[in-house]
Amino acid sequence: MSTTADAPAQDDGAGSGALTDGFHLVIDALKLNGVETIYHVPGIPITDLGRFMQAEGMRVLSFRHEQHAGYAAAIAGFLTKKPGVCMTVSAPGFLNGLTALAHATTNCFPMILISGSSEREIVDLQQGDYEEMDQLAIAKTLCKAAYRVLHAEDIGIGVARAIRAAVSGRPGGVYLDLPAKLLGQVLDAELGAKSLVEVIDPAPRQLPAPDSVARALEVLKGAERPLIILGKGAAYAQADDDIRALVERSGIPYLPMSMAKGLLPDDHPQSAGPARSLVLKEADVVMLIGARLNWLLSHGKGRTWGDAPKRFVHIDIEPREMDSNVEIAAPVVGDIGSCVTALLDGMGADWTAPPAAWTDAVRDKKDTNIARMAPRLQNNNVPMDFHGALGVLKDAIAERPDAILVNEGANTLDFTRSIIDMYKPRKRLDVGTWGVMGIGMGQAIAAAVETGCPVLAIEGDSAFGFSGMEIETICRYELPICVVVFNNGGIYRGTDVNPAGTDAATTVFVKDARYDRMMEAFGGVGVQATSPDELRQAVKAAMDSGRPTLVNAVIDPEAGTESGRIGNLNPQSVVAKK
Ligand code: ADP
Ligand code: MG
């Protein structure tokens with residue numbers, strides 16, 4: 001405890017005589033549980049809390065907008081398997097952070113949103129307090145758990161509950177409401193210290209039932225054309241060696257979901273990434289490891305999955321995920337590390353690799369697709385197209401496999417995901433389950449802060465706009481982040497015209513915008529790149545120097561398609577003409 005300095009110097013006659021207060025109990029409770037980094041925006045009533053945290057040796061990063069502090073906390077949770085913590089002011093700040101909390105919950109990332117709030121007495125009587133809002137009631141519907149602490153002696157329990165709720169079972173977002181009055185409450189320091197709770201084994205292992213493992217192995221053994229799909233839950237689990245061992249021992253081709261890329265290197269002989277359409281259509285048994293059969297996998301049915309009947313093995317920590325979209329022949333419920341180890345143990349000496357007819361077909365398709373793509377990535381066209389630019393950035397990651405790639409946009413997302421190979425686990429961070437725009441700078445900042453690795457953020461010009469102001473944050477903390485904005489002058493493309501001839505079309509931006517100059521405004525490095533060669537030089541210089549850099553990569557405004565690869569999700573009007 002290091003709490004007495006800021007507490008009022010008075011003796012209430014209890015315990016040791018020294019005092020603590022709500023501010024310092026929050027700090028002590030977080031530190032006791034290993035929380036050392038806070039992503040936040042200061043303001044009433046948490047300004048002093050941030051100051052005191054910093055004074056007590058915590059790393060407190062101030063953002064320009066709560067949503068980005070929240071996205072940073074969410075991805076910190078994914079990267080570290082510990083809850084990332086975002087802290088905001090009341091009502092509007094809370095709501096700004098809530099988007100990220102809901103995003104964390106949807107993506108199964110552990111995160112805690114701590115928000116200051118107004119006085120209960122006034123809020124509950126709706127008497128119009130400063131930033132009045134019943135935040136707890138609102139948060140409850142959008143996260144995994146929500147708690148409010150009213151008494152300083154309950155802060156320890158409140159923080160402990162929040163941590164355990166965030167990381168145990170299926171991870172998710174937790175809201176912790178701290179009314180302004182709580183922070184100033186005074187308590188005897190010794191009683192305060194005793195009230196703290198250290199969370200023992202916050203995410204206990206969950207062993208799969210042996211019969212569920214045996215059933216899964218039976219289904220896999222009967223397969224002619226088996227496939228493994230690795231999701232971001234598998235990346236999150238940090239069971240990298242066991243997952244690799246299982247894939248290699250099984251001999252089964254595998255498909256990584258976007259944020260599972262690199263769990264095994266993308267150039268692994270069993271990777272079926274470049275043969276995605278074929279394996280989804282043709283596989284007869286599919287084992288999902290930490291991946292959901294949601295829209296990103298076409299709900300496990302329909303054209304993407306072809307006509308051949310399929311049987312699914314599903315490994316997940318959440319029992320209710322089973323049968324969410326289609327029947328699961330072999331549910332295996334438990335933590336991924338334990339499930340994968342149990343499957344490996346159960347495979348035994350007589351395990352046989354899948355039929356060569358299948359693995360050869362997958363390899364042929366993959367080789368064909370890679371060979372077809374290669375020359376497009378070598379092009380030196382000016383203006384650049386997506387392939388010319390991404391050919392350069394693909395090399396940049398191959399040369400620096402430790403770098404973390406952050407990626408958002410529409411076409412910029414789709415092309416980058418399929419073109420840039422990843423070589424190590426948890427190095428690709430992106431828009432996640434919602435396909436949300438705006439995660440870019442928050443994720444880049446947290447990635448740099450949590451790992452110390454250099455970050456390359458590949459951003460569509462529209463996507464970048466959501467979080468662009470955070471480049472000031474990047475410069476302020478001097479983070480090794482290189483942002484490449486794929487600037488094609490608009491959303492999807494930069495060529496739309498308003499047929500009514502009045503305002504600019506709804507999807508276009510200012511022509512020839514110079515995003516690089518935004519970075520210069522804050523003392524970072526800005527570079528305009530109009531050719532693949534210029535882009536290569538700029539990114540190399542940025543990654544070598546580690547200085548905050550923004551490269552305005554000028555892309556042909558004609559390049560790009562409506563909504564990237566998910567244009568099919570747009571409803572069509574039968575009466576209107578575009
Ligand atoms: P992707 O989008 O990459 O397919 P999803 O987010 O759909 O991945 O799926 C991740 C799944 O991983 C979720 O269903 C979640 O419950 C599960 N999960 C997360 N962590 C673990 C873990 N440690 N053990 C088992 N399952 C996990
Ligand atoms: Mg664009």
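All residue numbers refer to positions in the sequence shown, counting from 1. Just follow the structure's listing: the first ligand is 1, and inside any ligand the first atom is 1.
A donor-acceptor contact closer than 3.5 angstrom links the side chains of K232 and T433. Side-chain atoms of E66 and H40 form no donor-acceptor pair, as typed in the model, at a separation below 3.5 Å.
Contact of the L393 side chain with the I458 side chain is registered, since non-hydrogen atoms from C-beta on lie closer than 4.5 Å. At a threshold of 4.5 Å between non-hydrogen side-chain atoms, the residues I229 and M287 do not count as touching. Side-chain contact between V279 and Y254 is absent, with no heavy atoms from C-beta onward closer than 4.5 Å.
In summary, K310 and D284 do not engage in a salt bridge, as defined by a charged side-chain N under 4.0 Å from a carboxylate O. Here R205 does not pair with D335 in a salt bridge; the nearest charged N to carboxylate O distance is not below 4.0 Å.
Between the side chain of K81 and the backbone N or O of A237, at least one donor-acceptor pair lies under 3.5 Å. Judged by distance alone, with hydrogens and angles left aside, the side-chain atoms of E408 form no donor-acceptor pair with the main-chain N or O of F464 at under 3.5 Å. In this structure a side-chain-to-backbone donor-acceptor pair under 3.5 Å is present from T141 to I138.
Within the listing of ligand 1, atoms 3 (O), 4 (O) sit less than 4.0 angstrom from a heavy atom of M257. Less than 4.0 angstrom separates some heavy atom of G290 from each of these atoms of ligand 1: 8 (O), 9 (O), 10 (C), 11 (C), 12 (O). In summary, the atoms of ligand 1 found under 4.0 Å from a heavy atom of Y236, numbered by their order in the structure, are 20 (N).
The shortest N/O to N/O separation between E318 and ligand 1 does not fall below 3.5 Å. Checked by distance only, ligand 1 and A237 stay at 3.5 Å or farther apart across all their nitrogen or oxygen atoms. Taking only nitrogen or oxygen atoms, main chain and side chain alike, I317 reaches within less than 3.5 Å of ligand 1. Considering both main-chain and side-chain atoms, K81 never comes within under 3.5 Å of ligand 1 through any nitrogen or oxygen pair. Inclusion of R170 in the set of residues having an N or O under 3.5 Å from an N or O of ligand 1 is warranted. For ligand 1, the polar-atom distance check against E321 finds no nitrogen or oxygen pair separated by under 3.5 Å.
Comparing D316, N294, V167 against atom 16 (O) of ligand 1, the shortest heavy-atom distance belongs to D316. Selection from V340, I336, I289, L230 by nearest heavy atom to atom 21 (C) of ligand 1 gives I336.
For C108, every heavy-atom contact with ligand 1 shorter than 4.0 Å involves the side chain, none the backbone. Counting heavy atoms under 4.0 Å from ligand 1, residue K232 touches it through both backbone and side chain.
Within the structure, ligand 1 lacks A203 among the residues with a heavy atom less than 4.0 angstrom away. In this structure, A260 falls outside the shell of residues with a heavy atom less than 4.0 angstrom from ligand 1.
At the shortest separation from atom 19 (C) of ligand 1 among protein heavy atoms lies G233 CA, 3.7 Å. The protein heavy atom nearest to atom 5 (P) of ligand 1 is R292 NE, 3.4 Å.
Under the 6.0 Å cut-off for aromatic ring centres, F94 and Y175 qualify, their centroids lying closer than that.
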